[in-house]
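Below is one structure; the comments refer to it alone.
Residue numbering restarts at 1 for every chain, and letters A, B, ... go by the order of the sequence lines.
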Amino acid sequence: MKNLVKDIVQNAAQKAFDNDMLPSSQMPDMEIEAPKHDSQGDLSTNFAMVSAGIQKMAPRKIAKALIAAMDPVDFIDKVEVAGPGFINFFLRPSAWHPVVDQVLAADERYGASDFGRNEKVQVEFVSANPTGPLHVGHGRGAAVGDAVGNILAFAGFSVSKEYYINDSGRQIKTLGTSVWFRLLEMAGRSIDFPDDCYKGEYIKDLAGRVLAAEGPDFVNLSDDAAIAVCARYAAQQILGDIRNDLASFGVAFDQWFSEQSLYDSGRLQQTITDLKALDLVYEKDGALWFRTSDFGDEKDRVVVRSNAMTTYFASDIAYHQEKYERGFDRVIDVWGADHHGYINRMAASIVALGKKREQFQVILVQLVNLLRGGKPVQMSTRAGEFVTLKDIVDEVGKDAARFMFLSRSYDSGLDFDLEVAKQKSSDNPVYYVQYVHARIAGIWSKAAEQNLVADKDVTRGKNLHLLVEKEEINLIKILAGFPEQVQKSAATCHPHVIFTYLMSLASAFHVYYNRHKVITADSSLSQARLCLVMAVKKVIRNGLALLGVSAPERM
RNA sequence: GCGCCUGUAGCUCAGCUGGAUAGAGCAACGGACUUCUAAUCCGUAGGCCGCAGGUUCGAAUCCUGCCAGGCGCGCCA
């Protein structure tokens with residue numbers, strides 16, 4: 001619709017120039033948009049205002065000339081100049097009816113596009129260390145990363161979702177130590193449990209499982225050997241739990257990438273060799289430093305410590321190089337806001353090794369405030385007391401949790417109230433939207449009982465010309481806007497755009513539902529309305545799917 | 001001290017690649033079920049868009065400086 005109107009404007013501008021009503025034929029960078037108020041028409045363009053400089057004329061004069069040059073079009077009711085020079089188009093209902101056909105025909109692909117031109121994008125998210133269960137923050141990161149991946153894919157990007165497993169290094173050893181000491185405690189030894197070890201209950205649980213698997217003689221092993229066994233076993237178990245929790249949360253990764261594999265394959269050593277060959281590193285105080293400050297970082301960073309161990313940063317450089325070698329044009333990392341200090345050095349390393357800055361993007365997800373009935377839930381990671389993602393999914397359900405995580409821009413902190421997320425009421429936005437889907441399903445089953453619709457798989461609308469009510473046209477306008485919202489969401493990597501869209505579509509439907517009966521005595525009109533609400537149902541489903549939320553037939 | 005994010009209705013937040021009269025939910029008050037699901041809808045009330053400058057025909061939106069809150073500034077990961 002917007003493109004149609006744009007063509008009309010451009011043709012009129014050309015014609016006005018040909019007739020000497022406008023001095024220049026140069027087209028400005030105009031916008032066609034839906035105005036805020038009904039009195040301002042259905043669509044509006046700022047053509048005249050942005051042309052003022054080109055035409056050297058007052059905007060309202062340009063607008064008048066343009067309208068005068070416009071050919072009459074059957075679906076346009078009237079065109080007028082308003083405000084500082086907006087040109088407002090008032091459309092007839094018939095202008096909007098084809099949208100319903102488009103939705104029904106495209107079905108689960110309605111809203112999809114080739115906007116991304118198949119560009120290969122990798123989205124890496126969660127990537128929590130396998131040293132403990134996922135918590136609320138990971139939940140928000142998981143919801144965001146997964147939704148961004150879905151949205152980019154829907155918008156025509158070739159997307160791969162990946163989880164980076166930090167299964168190497170000190171924290172895994174700490175995990176092994178933690179389990180080992182708990183195990184010794186169980187075996188009756190008196191142990192001073194170290195302060196820097198993990199203290200959660202799950203560690204004791206793991207210790208019990210190791211003991212059961214290895215047998216009573218296990219406690220006689222040397223510390224080093226036992227810790228290695230415990231570490232391997234515990235990391236494996238925890239990773240398995242993480243996979244299960246994410247699966248329950250509706251998140252599926254295309255790839256799980258092990259940090260340890262970078263050591264095993266020699267990829268990490270290769271990266272160090274490359275850095276030396278390119279003179280990007282130097283030695284100081286016995287350590288090897290990367291000249292990241294030459295590429296926008298605040299200071300240089302150590303990649304090999306004076307004890308010959310590589311840093312986490314070194315693994316990450318190798319890992320990101322490996323990503324680009326796999327052919328990704330763009331790499332998106334989803335990180336918690338507390339890691340923002342890491343962005344510049346990562347970006348610097350990527351630029352230093354020959355990629356463009358735009359090929360690396362970090363989505364920083366701000367922190368989650370977990371509340372219960374408006375009061376903060378006290379958590380202490382150190383003491384091992386925290387609400388896990390699994391706890392939340394068990395308590396409020398996958399759909400409510402995901403919808404809540406995606407309801408706000410990740411640039412803002414998020415208040416997540418367990419009581420609200422659990423409520424099956426209007427306080428809870430997920431039901432507001434899902435209810436639309438279920439209501440329409442209900443209407444359709446009633447219609448089927450009355451044999452109103454012969455074919456449930458409608459691929460185009462019937463009697464659409466009968467849709468003339470204000471609420472019906474409004475609904476169709478919103479349906480027409482879905483593809484654009486998907487693109488906006490993809491272009492900005494902001495899933496809450498879809499959330500906001502769904503809320504407005506759901507609201508428009510509820511208004512319509514309360515004011516008009518879909519099934520009436522008039523079977524032709526009923527059919528037309530059934531097609532309209534079916535289109536709404538499909539768009540709700542498509543939008544929810546992007547956010548990883550289900551669309552129930554019944555509630 | 002430096003960096004990132006945030007500041008919009010009583011509360012939680014949309015709107016931020018500049019446009020017309022700044023929106024929604026919750027909370028408050030008053031209404032609507034013999035009807036396809038009241039998990040809904042309608043109405044009322046509620047605003048120096050943190051403050052001060054600047055750019056512009058036009059600023060919640062862009063720039064600068066303040067103020068306030070959150071987070072971060074390791075040869076940790």
List every contact pair, protein side and nucleotides 29-36 of chain B side both N or O, where the distance is under 3.5 Å.
unit_1	atom_1	unit_2	atom_2	d
B:C36	O2'	A:Ile443	N	3.4
B:C36	O2	A:Ile519	N	3.2
B:C36	N3	A:Val518	N	2.9
B:C36	N4	A:Tyr513	O	3.1
B:C36	N4	A:His516	O	2.5

Quick test of the criterion, 5.5 Å between centres and less than 30° between planes. Is A:Phe86 stacked on B:G19 or not?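 By the stated criterion, A:Phe86 and B:G19 do not stack.
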If stacking means aromatic ring centre less than 5.5 angstrom from the base's six-membered ring centre, planes under 30°, is A:His37 stacked on B:U21?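 Whether judged by distance or by angle, A:His37 passes, so it stacks on the base of B:U21.
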Between A:Glu31 (side chain only) and A:Thr45 (backbone N and O only), is there a donor and an acceptor less than 3.5 Å apart?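 Looks like no, no N/O pair under 3.5 Å.
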If pairs are Watson-Crick or G-U with both distances under 3.5 Å, what is the dot-bracket string of RNA chain B, marking crossing pairs with [ ] and pairs to another strand with |? (((((((..((((.....[...)))).(((((.......))))).....(((((..]....))))))))))))....
Any donor-acceptor N/O pair under 3.5 Å between B:A20 base and A:Ser44 side chain: yes
Residues at least two apart in sequence or cross-chain that pass ring pair (Phe, Tyr, Trp, His ring centres under 6.0 Å) with A:Tyr431, listed by chain then number, are none
Set out, line by line, the N/O atom pairs under 3.5 Å between protein and nucleotides 74-77 of chain B.
unit_1	atom_1	unit_2	atom_2	d
B:C75	O2	A:Ser306	N	2.9
B:C75	O2	A:Ser306	OG	2.9
B:C75	N3	A:Ser306	OG	3.3
B:C75	N4	A:Asp285	O	2.8
B:C76	OP2	A:Arg305	NE	3.3
B:C76	OP2	A:Arg305	NH1	2.4
B:C76	O2'	A:Arg170	NH2	3.3
B:A77	OP1	A:Arg305	NH2	3.3
B:A77	OP2	A:Tyr312	N	3.1
B:A77	O3'	A:Gln171	OE1	3.0
B:A77	O3'	A:Gln171	NE2	3.2
B:A77	O2'	A:Asn129	ND2	3.1

With the threshold set at 4.0 Å, does a side-chain nitrogen-carboxylate oxygen contact exist between A:Arg515 and A:Glu472?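 Between A:Glu472 and A:Arg515 there is no salt bridge, as every charged N stays at least 4.0 Å from the carboxylate O atoms.
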So if I take every side-chain heavy atom of A:Arg408 and compare against B:C13, B:U21, B:A20, which nucleotide ends up nearest? B:C13
For A:Lys36 and B:A24, is the shortest distance between a side-chain N/O and OP1 or OP2 below 4.0 Å?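 For B:A24, neither OP1 nor OP2 has a side-chain N or O of A:Lys36 closer than 4.0 Å.
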In a table with atom names and distances, give each donor-acceptor pair under 3.5 Å that connects a side chain of residues 503-510 of chain A to protein atoms at least two apart or in another chain.
unit_1	atom_1	unit_2	atom_2	d
A:Ser504	OG	A:Tyr501	O	2.8
A:His510	ND1	A:Arg439	NH1	3.1
A:His510	NE2	A:Tyr432	O	3.1

Dump every N/O contact between nucleotides 3-7 of chain B and the protein below 3.5 Å, one line per pair.
unit_1	atom_1	unit_2	atom_2	d
B:G3	N2	A:His340	ND1	3.4
B:G3	N2	A:His340	NE2	2.1
B:G3	N3	A:His340	NE2	3.3
B:C5	O2'	A:Asp411	O	2.3

